[in-house]
Participant: 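Quick one: the structure is below, and I'll ask about it shortly.
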Protein chains: 2
Amino acid sequence: MESLSIHITINPELYTKNPESSDLGKKIVQTSIEMINDLGFESFTFRKLGVAIGSNESSIYRYFESKHALLVYLINWYWSWIEYKLVFATTNITSAKDKLNIAITLFTQEVKEDNSFTFINKVLLNKIIISESAKAYHTKDVDEENKKGFYKTYKRVVQRVSDMVLEINPKFEFPHMLISTVIEGAHHQRYFSQHLPSLTDVEEGKNNIVRFYTDLVQKIIAK
Amino acid sequence: MESLSIHITINPELYTKNPESSDLGKKIVQTSIEMINDLGFESFTFRKLGVAIGSNESSIYRYFESKHALLVYLINWYWSWIEYKLVFATTNITSAKDKLNIAITLFTQEVKEDNSFTFINKVLLNKIIISESAKAYHTKDVDEENKKGFYKTYKRVVQRVSDMVLEINPKFEFPHMLISTVIEGAHHQRYFSQHLPSLTDVEEGKNNIVRFYTDLVQKIIAK
DNA sequence: AAAGATATGAAAGTATTACTATTAAATTGA
DNA sequence: TCAATTTAATAGTAATACTTTCATATCTTT
């Protein structure tokens, strides 16, 4: 039962006006998730979003200064949510190996259903992360944005799980590399399985992505 | 000595007029590589390129129907070149393990110098692959473009190296997943090392990316 | 219930992008 | 040298990514 009254707080640097503070704000976030999924990030515009929610483009700009800022917001929301799930699923588990396996599964499995506690559709958001999130940090402004904390949530999640790796094998040299490889890799593999299947080895219902990365991590960090 | 009179042939579907067929064409490709590196793909435009090479925007459109098409061309050129290096470096090598190690090194090491046999700067092209190539296939048109062969060269390289994996361990279940994870992973790690260093474990001069992936592959496919 | 503050909407405007189309001039090649 | 091809110049279009201004609606406080 996931329906706790949990609330995900987003760093105020990531919006101009908090979208959670009004109905319009929530509708902007909610509908943008649907539209980015439908149209792809490139074809999605604030003008189209305005039409879809029956609001004005200029009103949307009061919440997010650009569609890029909105994407960054969504990505941070996603990682905050994953972090919450991670902490929730690993507390009271003593075995470091078990904790790590839980984390890897969380990173690599598809989000299939949304036991919703908010207005945000996590199934669609997961798809956005898979298809669009690289666009957020592959910009000429990364360094500047990184300084402002735009990628903090993601980095914190990687740090948490890297610590689990070190708990198992304190001498392992590359924990961050391993974990970010797993996360990004799993997203790529999911995308490839749908669009460029010859780059992957996914078979219907066999859970290969989760199996591959779980096994990979275990073998790599073995002492 | 790499200065063979080797020539990289690009699938004619990937351009409107072959840029290698004229000085203007070569200048378009050559200068676009520099400009995409300097400005980033988003800020790069055919108008700016026209100004830079002292030519007209409309002339550039006779070679490539869009800047996206140009990026796809560059990516294919890159993978053709890697494929050439791969084949060249692995012929006459009998040990499958040695061949695989050569391939992994080729994928994961930085391109540092350009023993040029063409007008294309491979050091810069490698940087474009690292920073921009995900943008080529994270589009709503992937499926269509994939059918037209836009990603064929990359897929062929992955296939070649997957075959090496199977030569070592014919029972290994996920050769394509492994190889595309290594390639994409190494690119990510290189990017992270410069812009989001807490997601990686790169240390100056220690070749960690190559070491990490070489070791990873070896451990994963061990019988 | 009035006054003030704040949020939203409507409309118009700007600079730029990603092209397309037309026509003229230059270059090349048989 | 004549024709074909290539490139350049110019202009034009629809859309994008915003910004600005001002009016109106709604909420808050007294």
Side-chain angles (χ1 to χ4, degrees), chain A residues 12 14-32 35-36 38-74 119 132 135-136 138-141 144-145 150, chain B residues 12 14-32 35-36 38-74 119 132 135-136 138-141 144-145 150:
Chain A
L14 300 173
Y15 48 74
T16 309
K17 180 186 159 100
N18 191 348
E20 293 198 72
S21 69
S22 73
D23 283 351
L24 179 63
K26 282 177 207 155
K27 224 168 182 190
I28 287 170
V29 171
Q30 194 174 36
T31 310
S32 72
M35 290 185 81
I36 292 172
D38 286 348
L39 306 173
F41 187 65
E42 281 69 36
S43 300
F44 165 76
T45 70
F46 279 3
R47 174 161 300 233
K48 289 176 188 168
L49 175 58
V51 172
I53 63 179
S55 181
N56 198 271
E57 208 184 345
S58 63
S59 304
I60 300 166
Y61 278 102
R62 289 206 184 82
Y63 288 85
F64 296 102
E65 68 178 37
S66 64
K67 71 171 175 171
H68 175 254
L70 170 58
L71 180 61
V72 171
Y73 175 92
L74 295 178
F119 56 97
E132 316 289 354
K135 294 168 191 170
H138 282 137
T139 324
K140 279 283 156 181
D141 308 319
E144 214 179 301
E145 296 187 347
F150 281 30
Chain B
L14 300 173
Y15 48 75
T16 309
K17 180 185 157 96
N18 190 348
E20 293 198 71
S21 69
S22 73
D23 283 351
L24 179 62
K26 282 175 206 156
K27 223 164 182 193
I28 288 171
V29 171
Q30 194 174 36
T31 310
S32 71
M35 291 186 79
I36 293 172
D38 287 348
L39 307 173
F41 188 66
E42 282 69 36
S43 300
F44 164 77
T45 70
F46 278 2
R47 174 161 302 232
K48 289 175 188 168
L49 176 59
V51 172
I53 64 178
S55 180
N56 199 270
E57 207 185 347
S58 62
S59 303
I60 300 165
Y61 278 102
R62 287 209 185 79
Y63 289 84
F64 296 102
E65 67 177 39
S66 64
K67 70 171 177 174
H68 175 255
L70 170 58
L71 180 61
V72 171
Y73 176 92
L74 294 178
F119 55 97
E132 317 289 356
K135 294 168 191 170
H138 282 135
T139 324
K140 278 284 158 183
D141 307 318
E144 213 179 301
E145 296 188 345
F150 281 30

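Quick note on labels: first sequence line is chain A, next is B, and so on, each numbered from 1.
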Participant: To the nearest Å, give me how far apart NE2 (B:His68) and P (C:dC19) are.
Facilitator: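 Those two atoms, NE2 and P, are 11 Å apart.
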Participant: Kindly say if B:Ser58 contacts the phosphate of D:dT10, meaning a side-chain N or O under 4.0 Å from OP1 or OP2.
Facilitator: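 Checking D:dT10 against B:Ser58, no side-chain N or O comes under 4.0 Å of OP1 or OP2.
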Participant: Separation of A:Lys26 atom NZ from C:dT8 atom P, in whole Å?
Facilitator: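 The distance from NZ of A:Lys26 to P of C:dT8 comes to 12 Å, rounded to the nearest Å.
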Participant: What is the distance, to the nearest angstrom, from the CG atom on A:Leu49 to the C1' atom on D:dT16?
Facilitator: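 My rounded result for the distance is 15 Å.
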Participant: Report yes if a side-chain nitrogen or oxygen of B:Ser59 is closer than 4.0 Å to either non-bridging phosphate oxygen (OP1 or OP2) of D:dA8; otherwise report no.
Facilitator: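 Result: yes.
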Participant: May I ask you to verify if any side-chain N or O of B:Ser55 is less than 4.0 angstrom from the OP1 or OP2 atom of D:dA8?
Facilitator: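 It does, given that an N or O in the side chain of B:Ser55 lies less than 4.0 Å from OP1 or OP2 of D:dA8.
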Participant: So which atom in B:Ser32 and which in B:Phe44 form the shortest heavy-atom distance, rounded to 0.1 Å?
Facilitator: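 For B:Ser32 versus B:Phe44, the nearest heavy atoms are CB-CZ, 3.8 Å.
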Participant: Does the side chain of A:Tyr61 get closer than 4.0 angstrom to OP1 or OP2 of C:dT8 through an N or O atom?
Facilitator: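 The answer is no; no side-chain N or O of A:Tyr61 sits under 4.0 Å from OP1 or OP2.
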Participant: Reading DNA chain D from 5' onward, which residue's closest nucleotide shows up sooner: A:Ser43 or B:Lys17?
Facilitator: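 Looking at the nearest nucleotide for each, B:Lys17 comes out on the 5' side.
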Participant: Whole angstrom is fine here: how far is it from OH in B:Tyr63 over to C1' in C:dC19?
Facilitator: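 Atom-to-atom, B:Tyr63 to C:dC19, this comes out as 19 Å.
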Participant: Nearest whole angstrom, please: distance from the C1' of D:dA15 to the CD of A:Glu57.
Facilitator: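 It is 11 Å, rounded to the nearest whole Å.
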Participant: For B:Glu20 and B:Lys26, which heavy atoms make the closest approach, and how far apart are they?
Facilitator: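 Smallest heavy-atom distance, with atoms named: O-CE, 3.5 Å.
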Participant: Which pair of non-hydrogen atoms, one from B:Ser22 and one from B:Tyr63, has the smallest distance, and what is that distance?
Facilitator: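 Scanning both residues, the minimum pair turns out to be OG-OH, 2.5 Å.
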Participant: Looking at the side chain of B:Lys67, which of D:dC18, C:dA18, D:dT7 is the nearest nucleotide?
Facilitator: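 Of the candidates, C:dA18 comes closest.
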Participant: So which atom in A:Lys135 and which in B:His138 form the shortest heavy-atom distance, rounded to 0.1 Å?
Facilitator: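 Scanning both residues completely, I find the closest heavy atoms to be NZ-O, 2.7 Å.
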Participant: For A:Leu39 and B:Lys140, which heavy atoms make the closest approach, and how far apart are they?
Facilitator: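 Result for this residue pair: O-CG, 3.3 Å.
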Participant: When you get a sec, tell me which of C:dT17, C:dT22, D:dA17 is the closest nucleotide to the side chain of B:Arg62?
Facilitator: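 Closest nucleotide to the B:Arg62 side chain: C:dT22.
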Participant: How many whole angstroms separate atom NZ of B:Lys48 from atom P of C:dT16?
Facilitator: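 My rounded result for the distance is 9 Å.
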Participant: Expressed as a whole number of angstroms, how long is the span from A:Glu42:CD to D:dA17:C1'?
Facilitator: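 Computing the A:Glu42:CD to D:dA17:C1' distance gives 14 Å.
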Participant: Please determine, for the side chain of A:Arg47, which listed nucleotide (C:dC19, C:dA7, C:dG13) has the closest atom?
Facilitator: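 Per side-chain heavy atoms of A:Arg47, the pick is C:dG13.
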Participant: For A:Asp23 and B:Phe44, find the nucleotide of DNA chain C closest to each by heavy atoms; which residue's nucleotide sits nearer the 5' end?
Facilitator: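 The residue whose closest nucleotide sits nearer the 5' end is A:Asp23.
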Participant: Between C:dA11 atom P and A:Asn56 atom CG, what is the distance in whole Å?
Facilitator: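 About 9 Å, once rounded to whole Å.
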